[in-house]
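Have a look at the structure below, then the notes.
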Amino acid sequence: MAASMEVVNGAWDLATKFISPWNTEVHIGCEQNNFESATNILCDNGLLNLLEDWFFEEVQQDLRQRVSPAFWKFFEGLVPQDSVADKSEQNIVCLLQATEYLHKISEEYKPCIQLLESLPREINRNYSMLAFCGVNKISDVVRILFKSVVFTRASREFRDCVGQFYAQAFSVFHCVEHDETVNDDEESTKCSGCKHDKNDCACQHIMQRFNSINAKLDEVGVLEQVSGTSVTALVHEQILQHVENTCQGNFETAYLSSLQNWLENKVLGWLKLVYSLDRTNIGSDCIEGFKGRLIHFLLETYANVQISQLFKIIIEFPESELAIMDLKYCLEKVDMRSHLVTTLKSSLETRLLHPGVNTSDILTAYISAIRALRALDPAGVILELVCDPVRKYLRSREDTVRCIVSNLIDDASNELLEELVKSQPLIDETTHNEEEDGDWKKWMPDPVDADPATASKSRRASDIISMLVNIYGSKELFVNEYRTLLADRILTNFNYEIEKEIRYLELLKLRFGESQMHFCEVMLKDVADSKRINTRISEERIQKGEERTVDVNAMILSAQFWPTFREEKITLPEHMQKLLEEYTKRYETQKGNRTLDWKSHLGLVNIDVELKDRILNFNVTPVHAAIIMQFQEQERWTVEELSTVLQVPATALRRKIAYWQSQGLLKEEQTDTFLLVEEHKGRSHDSIVAEDEEAESAMASSHAKTGEELQVFWTYIVGMLSNLESLPLERIHGVLRMFAMEGVSGEITIDEVKHFLDNKVKDQSLIYSGGVYRLPKSS
Amino acid sequence: MKMAVIDPAENEVNKNIWIAVGTWRWVANDDNCGICRMAFDGCCPECKLPGDDCPLVWGECSHCFHIHCIVKWLNSQQVHQLCPMCRQDWKFKE
Ligand SMILES: [Zn+2]
Ligand SMILES: [Zn+2]
Ligand SMILES: [Zn+2]
């Protein structure tokens, strides 16, 4: 039965009036029956669907033309966030009013929506808004329209208001909920939550308002839309600040669990207030989703902070072990390995790998890094990636092995010694042994960033000592250097007490094998034997009443087992020679069929020099002693004369004379003529501590040569610097090249000069700063 | 100037010492042991320490060897005990 057009038109007009919330003339309650009959007519004519479509169309228009402009008008002309803080209250009030307005509109829509929802619906209608939005209820579509129409834009003012609103609530929440930690500043008259005077605290009010605004936004269906960005930004900012404030600069505490607690209580607790307090339109999984993302963000932030200070953490290891363990956990959860490797690599390079850092400091840092990174990544991959440049750099420094060895036997730092004590025999990296197969159950895949060229076994097994030894690629080289250093120590200290050396040797034998250390063993035995022979010979002297003012003790060496000695020609004065011959005779009687060959230039002479006004005591080499003894006979010598008498080449002679000059005993009267200074008039040299300035290796070495040759120039350098105060390396090098004298083989390179000067800096004869060398101020 | 003259009062305690450095060697007319070919101033292959622990001995023929080397050699000779260098009867020089 078809109604007339007029009837249908009348029914349409009536029905649409009922579902027009913006039409205030309609009084829904009393004319309910009219609506029903009108919709019946529309239903009979198949127009109900159209009514629903019309409603959505009208709602969209209403929202666009009336609600949205009115809503955004609340935020016009507001002060931006970064100006006065007091204005934030004003902004929040705007947000409150705007929210209330939106909520009012939403409430006005409700009766109309209810009417519509009470109508019979064609199920599974295609092309409807419900189907389009994928929802079941008309109210759902309206919420979607609120979101999509009103919030297609967001003004900066609006975002500021929202941001301030949530920030304030966050701060108040922490003050109200967790006063036991925050309220440590009791002197302050301001409430730490609302920043009002304490007796005018508005926290209660703020929290109420906070809850009501959230609830209203939720009812409208736009809570996530309004809060999402701001809350996420706010929470991230809070996490960032909290992590930085907590963890920056302190590496001795584990923070992970306290950070996670903090996140759970203070951050998620607050988020629950926003999103899960009887919310109708927020899914229950919202907080869980937040939690997962925030834990990830927390770990990432924490890892970032730790990575940015990883160099310091490594240097502090093992005190920083807890920080390393935290970081290790983070790396398992968040993907930051490559960031870590890049950052640490570059901070190692900038902090360590340049000429200003001395080798032993680089080594110390390297050792710490090995330890720390091994704790961080037991597979050893990070260590390998990060430390490769350090190893390469150390290899380029000539004193590396020396530093390792001296670190090993240094009393002050026992760390390497401890390593040596606890370490096992050196694993030969080329042999693959069977037990690897037996351990297959414990096998772990290498991390993806591992270098496949290195066997994982060797990466895991190598300990600190082997890592250090392997800087040079061979233990022979290391052992050789140890031998040279041992030789040097014996022949500069002339200490016959060698218990400690024997102990190190025993440790090294365990480590490198008996055969490698065999030579060192003989060397130490030489010292012990020499001591015994000396004792016997001096007893003999006493018995026979043949004591002298100077007694010869000897260090008798087994030449085959010692490194090559540095050779130096000298003919000692006759009475010195006699003393040696006498010793040789006694030795020969003691040890049948054996005799001695003296290394006249090596050794240590303790002499007293009695001058007119003072007696000085010196510990010098026999060559130095021989030179000064010549001045006993005559007070003026030319270099040539001395050279003839002592059979010492002029260059070497000048260098030795320089020592006596520096001690104030000789002065150069005119070029190449030296005079004994019997008396000091005015200037006092009495307080000079006799020390052998140029304590040099007794062993032959390539660098000693240039050092020795350059020593000739030392007086020139001192002269230059006392006149000109300070000079850069290039200038010094230039002048020295001009001075290049006979006896200096070839061109002096700038590197050689630098090496020489740096040694002078090391023993404090020079100061290097600001790119120039200067003399230390004599106080 | 006087050198190395000590105040007599101090003489007892503070004596001037010269520590000289030298290397020892066997007084032999060869450098190497004719049996093991090692340096006399080193030690025989069986030994670790040279000198007292691995001494040389001379035969009446005036050839000398590491004691351990010649003893081993002599023990390996079934009939005659000859010097491995000159094939004369081996007799230890007194
Ligand atoms: Zn032999
Ligand atoms: Zn032997
Ligand atoms: Zn013979």
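Computed from a predicted structure; not experimentally measured. Numbered from 1 within each chain, the chains take letters A, B, ... in sequence-line order.
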Chain B contact via A:Lys525 - which portion, at a heavy-atom distance below 4.5 Å:
side chain
Under 4.5 Å from a heavy atom of chain B, the part of A:Tyr587 involved
side chain
Can you tell me how far the CG atom of B:Asp41 sits from the CG atom of A:Leu557, to the nearest 0.5 Å?
12.0 Å
Inter-residue atom distance A:Gln560.CD - B:Phe40.CZ, 0.5 Å rounding
11.5 Å
To the nearest 0.5 Å, atom CZ of B:Arg25 lies from atom CD1 of A:Ile556 at 13.5 Å
Count the heavy atoms of every other residue, nucleotide or ligand shown that sit under 6.0 Å from CD of A:Glu574, and state whether that count exceeds 12.
no
B:Asn16 side chain to A:Asn606 main-chain N or O, any donor-acceptor pair under 3.5 Å?
yes
Highest number of heavy-atom pairs under 4.5 Å with chain B: which of A:Val605, A:Leu579, A:Asn593?
A:Asn593
With a cut-off of 6.0 Å (strictly less than), are more than 12 heavy atoms of other residues, nucleotides or ligands near NZ of A:Lys591?
yes
Nearest heavy-atom approach of B:Pro50 to A:Val522 is CD-CG1, 3.8 Å
Under 4.5 Å from a heavy atom of chain B, the part of A:Glu588 involved:
neither
How long is the span from the CG atom in A:Leu491 to the CD1 atom in B:Ile19, to the nearest 0.5 Å?
10.5 Å
Is B:Asp52 salt-bridged to A:Arg594, cutoff N-O under 4.0 Å?
yes
Report, as yes or no, whether the 6.0 Å neighbourhood of atom NZ on B:Lys91 holds more than 12 heavy atoms from other residues, nucleotides or ligands.
no
Spatial distance of atom CG (A:Leu604) from atom CH2 (B:Trp18) [nearest 0.5 Å]
11.5 Å
Can you tell which part of A:Ile533 gets under 4.5 Å to a heavy atom of chain B, answering side chain, backbone, both or neither?
neither
Quick one: what part of A:Phe519 sits under 4.5 Å from any heavy atom of chain B, side chain, backbone, both or neither?
neither
Heavy-atom closest pair, residues A:Ser558 and B:Trp24:
OG-NE1, 2.9 Å
Could you please spell out the steps behind the side chain to side chain contact (heavy atoms under 4.5 Å, CB included) verdict for B:Cys43 and A:Phe561?
CA-CA 10 Å; B:Cys43 45; A:Phe561 298 83; 4.2 Å; yes
Rounding to 0.5 Å, atoms CH2 (A:Trp598) and OG1 (B:Thr23) come to a distance of 9.5 Å
